[in-house]
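Have a look at the structure below before the remarks.
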Amino acid sequence: MIRFEKVSKSYPGGGAPALDQVSIDVEKGEFVFLVGASGSGKSTALRLVLREARPTSGRVYVAGKEINRLAGWKVPRLRRQIGTVFQDFRLLPNKTVAENVAFALQVTGYSPKEIRSRVPETLEMVGLDGKADRMPDELSGGEQQRVAVARAFVTRPMILVADEPTGNLDPGTTVGIMKLLDRINRTGTTVLMATHDHGIVDQMRKRVVELEHGQVVRDQDRGVYGFQH
Amino acid sequence: MRYVLSNLGQGLRRNTSMHLAVILTLFVSLTMVGTALMVRSQAEKTVDQWGSELQITVYLCRADDSNARCLGEVSNEEKRAIGQVLDDSAQVDSWELESKAEAFEKVKELYSDDADRFEGENAVLTEDDMPESIWVTLKSPDQFEAVTSAVAGLDGVSSVRDQRQTINPLLKIMSGMQVGSLAIAVALIIAALLLVANTIRLTAFARRKEIGIMRLVGASGAYIALPFLLEVLVTTLVAVGLAVGTLAGFMFFGVQRVFSQYLGFIPWIGWEDWAFASIVVAILGPVLSLVPTLLLTSKYLKV
């Protein structure tokens with residue numbers, strides 16, 4: 001579903017490359033943690049998947065397509081297959097919960113009828129039924145992140161990319177979000193999540209890919225955050 | 001679609017002062033372009049009637065010419081002799097003969113308001129009353145005297161008209177107006193484009209969050225740029241409307257009510273010239289504003 005082939009990425013002016021000869025292969029339906037310290041290249045890897053950046057060398061495949069060769073106008077179509085969740089939620093403050101979720105459908109051309117059926121369904125799935133008409137600033141952090149997850153998942157993407165989705169949340173709320181991502185994963189969605197939260201990685205027992213200075217130093221099924229010898 | 005339209009309304013309201021500035025500068029510059037075009041048509045009409053600053057007109061004798069030197073209708077030999085003199089003159093660039101019929105047409109155009117005076121049995125003027133004439137184009141506007149004196153004494157020549165005293169000041173004013181209004185138009189168009197660019201930047205900044213999300217969820221570039229294009233299109237169309245209206249007002253109150261009443265010796269431009277200027281303005285306005293908008297949106301809203 002996602003494949004990196006000897007991918008390197010250096011930024012102009014930056015000394016050491018952000019990614020250095022990275023090869024990762026993520027199967028359809030897998031749940032993969034991307035761990036490592038700040039600056040280890042996690043975010044760069046996610047940006048490459050979204051084609052927000054292009055690799056300096058090597059190839060990135062998403063859903064069978066080599067995306068560094070993708071023409072600019074085809075990028076939106078790629079991104080429609082990928083849901084994205086960020087640490088800072090990125091909700092629109094002047095729209096209600098339902099409108100925020102509907103936004104992803106509106107701007108990609110879904111019919112009003114489809115929007116009316118999909119939005120409540122997804123809100124219910126993420127546990128926000130009854131809060132459709134609230135404004136984002138009336139919600140707790142965990143609830144806001146649920147809205148963001150709903151917005152990422154409402155189009156039923158093949159891949160969900162999450163960049164530190166629990167970074168701003170307290171441990172109790174984090175568990176709820178992780179359960180939600182796990183549920184989404186069980187529907188067959190491939191989940192790629194960057195984090196440096198030891199607790200959740202240890203708890204979930206999913207595949208762990210660790211990056212250090214832009215290189216893969218560990219790729220382990222059912223791993224935990226730190227090395228176990 | 002509803003999203004696009006509600007965005008359009010929002011965008012127009014959010015930057016009202018900016019949009020008014022764009023509308024005003026575009027409106028004035030487009031009016032200037034239109035004015036230049038109408039003045040140009042006017043200059044052409046004037047030259048058609050009276051000749052340009054390089055032309056002198058040699059009127060040939062009619063059958064009952066008031067000039068005593070004329071002994072009747074100019075003969076073909078006389079015409080040939082005059083042509084020979086013109087051909088031999090180093091100052092003459094070219095010349096052509098204007099027939100009675102052509103001269104009659106010009107008179108009818110000048111008095112087009114009461115064209116029926118020239119029709120039927122009791123016409124005040126007929127084709128036969130018109131003199132034939134030779135329109136001589138000089139190589140330089142200063143060399144008319146030699147040609148005038150060479151031709152004036154020839155048989156068959158009734159009079160030589162030199163346009164420079166009557167028409168030159170007018171033509172100078174008109175070309176001055178053309179250059180002036182085009183210069184103002186260019187300056188204002190540049191100002192308008194800078195304003196458009198600024199508006200787009202401000203709007204893109206104000207909506208950066210929304211645009212960021214749209215890009216993430218995979219909205220197409222055209223979809224993201226559409227509200228911007230529509231915003232600019234609406235302001236441009238308002239400006240075009242104002243400009244076309246102003247030109248029409250100028251046409252109606254200036255040309256038709258004043259100029260053509262008091263300055264009847266030249267034919268004045270009509271509504272077809274206004275229509276032409278309006279069409280040019282209506283095409284030019286959107287092209288001038290939309291092309292840079294397209295370029296800018298692709299720059300500011302890079303996917």
Side-chain angles (χ1 to χ4, degrees), chain A residues 46-47 49-54 62-63 67 70-86 88-95 99-112 115-116 136 147-163, chain B residues 1-19 197 199-234 290-303:
Chain A
L46 297 188
R47 281 164 54 82
V49 172
L50 291 166
R51 244 286 306 250
E52 288 215 57
R54 291 198 207 208
V62 172
I67 62 166
L70 209 59
W73 62 273
K74 283 183 179 165
V75 171
R77 206 179 298 166
L78 165 78
R79 294 197 182 138
R80 282 176 210 179
Q81 300 171 359
I82 308 175
T84 14
V85 180
F86 294 95
D88 56 358
F89 317 141
R90 301 201 187 171
L91 302 178
L92 295 172
N94 54 348
K95 290 187 189 293
E99 283 166 354
N100 262 289
V101 177
F103 187 72
L105 298 173
Q106 278 167 358
V107 301
T108 48
Y110 283 78
S111 71
I115 294 173
R116 271 195 300 276
V147 180
V149 172
R151 185 182 62 201
F153 191 61
V154 71
T155 55
R156 298 292 182 273
M158 297 193 294
I159 301 169
L160 189 78
V161 169
D163 192 0
Chain B
M1 202 58 217
R2 233 184 56 210
Y3 168 76
V4 172
L5 287 181
S6 81
N7 242 316
L8 174 64
Q10 252 179 39
L12 289 174
R13 256 175 282 126
R14 181 164 38 214
N15 292 323
T16 312
S17 57
M18 215 52 173
H19 283 122
T199 315
I200 292 171
R201 235 185 32 206
L202 282 176
T203 314
F205 185 74
R207 297 185 47 217
R208 66 191 180 287
K209 228 177 160 171
E210 244 172 292
I211 291 167
I213 293 168
M214 291 207 267
R215 289 176 39 210
L216 268 181
V217 300
S220 65
Y223 187 90
I224 296 174
L226 198 58
F228 291 86
L229 289 173
L230 285 177
E231 247 178 81
V232 172
L233 188 64
V234 168
L290 285 182
V291 168
T293 304
L294 273 170
L295 295 177
L296 285 171
T297 45
S298 61
K299 182 183 160 204
Y300 289 127
L301 312 176
K302 202 158 227 135
V303 182

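As the structure is a computational prediction, the values presented were derived from the model and not from experiment. Throughout, a chain's letter reflects where its sequence line sits, starting with A, and its residues are numbered from 1.
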Point to revise | Criterion side-chain contact (heavy atoms from CB on, under 4.5 Å) against V107(A), the qualifying member of I224(B), I211(B), V217(B), I213(B) | key: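 Answer after filtering I224(B), I211(B), V217(B), I213(B): V217(B).
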Check: [Y] and [X] side chains under 4.5 Å, non-hydrogen atoms:
X	Y	result
L216(B)	E52(A)	yes
P93(A)	K209(B)	yes
S220(B)	R80(A)	yes
Y223(B)	T108(A)	no

**Study point:** Nearest atoms (heavy-atom pairs only) where G221(B) meets P76(A)
**Key:**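 Smallest heavy-atom distance, with atoms named: N-CG, 4.3 Å.
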Review point. For L91(A), is it the side chain, the backbone, both or neither that has a heavy atom under 4.5 Å from a heavy atom of chain B?
Key: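 For L91(A), the backbone is the part near chain B, not the side chain.
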**Study point:** Separation of R51(A) CZ from R215(B) CZ (nearest 0.5 Å)
**Key:**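 Rounded to the nearest 0.5 Å, the CZ-CZ separation comes out at 11.0 Å.
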